[in-house]
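Numbering starts at 1 and runs along the sequence shown.
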Amino acid sequence: MTSDFTLRPITGTDADMISRLLIENWGSTTIVSRGNQIDAAKLPGFVAEDAERNVFGFITLRVDWKGCEVVTLDSFEPGRGIGTELLGAAAEYARSHGCKRLWLVTSNDNINALGFYQRFNMRMTAIYPDAITEARKIKPTIPPIAPNGIPIRDEIELELWL
């Protein structure tokens, strides 16, 4: 598949755009992962865009002692390879920062994402029952029920060893 988009690192000039997209797609720039509040608008990552700077997706990353965490991943046009390219860039970023592990947490209702991550060869390594119920104490805007009708309760951790 030939792509009509390119990836580039998020820069300081992207702050307003990334904040706006996070609020539109996540309800806030704050992400709760494993009980930790993370301001995703301040993280490094990558943007997928075309020559006219139309944004098709973005990914935010955080490196710590556990490896490189994918904090957010958004692809606005499924099926075009945008998410795959962004996740590939995240793996390269992780390697370049000495990480041996790329990991993320998603919610139990996120069925399409769970399939996508597994096709990327990520493995489910843990389920944290009621973790999102607890996360609502930090971020009350997390809805109790997903648009697909599944109650949002648990976090599922996936990883890829690099």
Side-chain angles (χ1 to χ4, degrees), residues 1-107 110 112-123 125 131-132 135 138-143 146-147 155-162:
M1 166 196 310
T2 59
S3 62
D4 56 351
F5 63 89
T6 58
L7 300 186
R8 65 169 179 79
I10 292 173
T11 66
T13 61
D14 295 318
D16 288 343
M17 178 215 22
I18 295 295
S19 291
R20 180 181 50 79
L21 292 171
L22 285 165
I23 291 166
E24 286 174 9
N25 294 287
W26 296 84
S28 165
T29 64
T30 300
I31 305 298
V32 179
S33 172
R34 300 298 310 120
N36 298 306
Q37 280 189 105
I38 304 163
D39 186 350
K42 295 181 178 175
L43 295 176
F46 297 91
V47 174
E49 65 185 10
D50 64 13
E52 288 80 38
R53 294 193 55 123
N54 296 306
V55 175
F56 298 115
F58 69 103
I59 191 168
T60 60
L61 308 167
R62 179 175 75 136
V63 173
D64 65 12
W65 64 273
K66 295 178 187 176
C68 182
E69 180 181 9
V70 174
V71 177
T72 66
L73 171 58
D74 287 283
S75 172
F76 305 129
E77 296 185 13
R80 290 186 53 198
I82 296 162
T84 301
E85 291 291 323
L86 287 166
L87 207 49
E92 287 305 313
Y93 179 89
R95 284 186 194 96
S96 74
H97 283 78
C99 298
K100 304 285 185 219
R101 177 179 182 250
L102 182 68
W103 69 285
L104 60 89
V105 172
T106 192
S107 53
N110 205 349
N112 290 336
L114 287 166
F116 166 73
Y117 294 131
Q118 290 178 85
R119 284 189 297 277
F120 196 82
N121 211 26
M122 296 185 92
R123 304 216 32 185
T125 56
I132 296 187
I138 299 168
K139 185 178 176 183
T141 57
I142 300 171
E155 288 182 343
I156 300 172
E157 186 172 321
L158 295 99
E159 72 181 10
L160 175 69
W161 286 94
L162 304 171

TODO: Compare every heavy atom of Leu61 with every heavy atom of Cys68, then report the nearest pair and how far apart it is.
DONE: SG-CB, 4.0 Å
Task: For Arg95 against Glu92, the heavy-atom pair lying closest together - done: NH1-OE2, 2.6 Å
Task: Worked verdict on Thr6 versus Arg8 for side chain to side chain contact (heavy atoms under 4.5 Å, CB included) - done: CA-CA 7 Å; Thr6 58; Arg8 65 169 179 79; 5.8 Å; no
Does any non-hydrogen side-chain atom of [Y] lie less than 4.5 Å from one of [X]?
| X | Y | answer |
| --- | --- | --- |
| Phe120 | Leu158 | no |
| Tyr117 | Ile156 | no |
| Trp103 | Thr125 | no |
| Cys99 | Val63 | yes |
| Asp14 | Phe58 | no |
| Ile82 | Phe76 | no |
| Trp26 | Thr141 | no |
| Val70 | Leu86 | no |

Open item on the list: If we check salt bridge (Lys or Arg N to Asp or Glu O under 4.0 Å) with Glu159, which of these qualifies: Arg101, Lys100, Lys66?
Closed with: Arg101
Using 0.5 Å steps for rounding, measure from the [atom1] atom of [X] to the [atom2] atom of [Y].
| X | Y | atom1 | atom2 | answer |
| --- | --- | --- | --- | --- |
| Thr72 | Asn25 | OG1 | CG | 9.0 Å |
| Leu73 | Leu104 | CG | CG | 8.5 Å |
| Leu22 | Ser28 | CG | OG | 8.0 Å |
| Glu157 | Glu69 | CD | CD | 8.0 Å |
| Asn121 | Leu102 | CG | CG | 11.5 Å |

Task: Any residue meeting ring-ring contact (aromatic ring centres under 6.0 Å, His included) with Tyr93, in chain and number order, not counting sequence neighbours - done: His97
Open item on the list: Evaluate Glu77 against Phe5 for side chain to side chain contact (heavy atoms under 4.5 Å, CB included), listing each step before the verdict.
Closed with: CA-CA 11 Å; Glu77 296 185 13; Phe5 63 89; over 6 Å; no
Task: Donor-acceptor contact present, side-chain Lys139 to main-chain Val32, <3.5 Å - done: no
Open item on the list: How about CG on Asp16, more than 12 heavy atoms from neighbouring residues, nucleotides or ligands closer than 6.0 Å, or not?
Closed with: no
Task: Over 12 non-hydrogen atoms of neighbours within 6.0 angstrom of CG in Asp50 - done: yes
What donor-acceptor contacts under 3.5 angstrom involve side-chain atoms of residues 34-44, with partners at least two apart or in another chain?
| from | atom 1 | to | atom 2 | distance (Å) |
| --- | --- | --- | --- | --- |
| Arg34 | NH1 | Glu155 | OE1 | 3.0 |
| Asp39 | OD1 | Thr29 | OG1 | 3.2 |
| Asp39 | OD1 | Ala41 | N | 3.1 |

- [ ] Kindly determine whether Leu7 and Ile59 satisfy side chain to side chain contact (heavy atoms under 4.5 Å, CB included), including the steps that lead there.
- [x] CA-CA 10 Å; Leu7 300 186; Ile59 191 168; over 6 Å; no
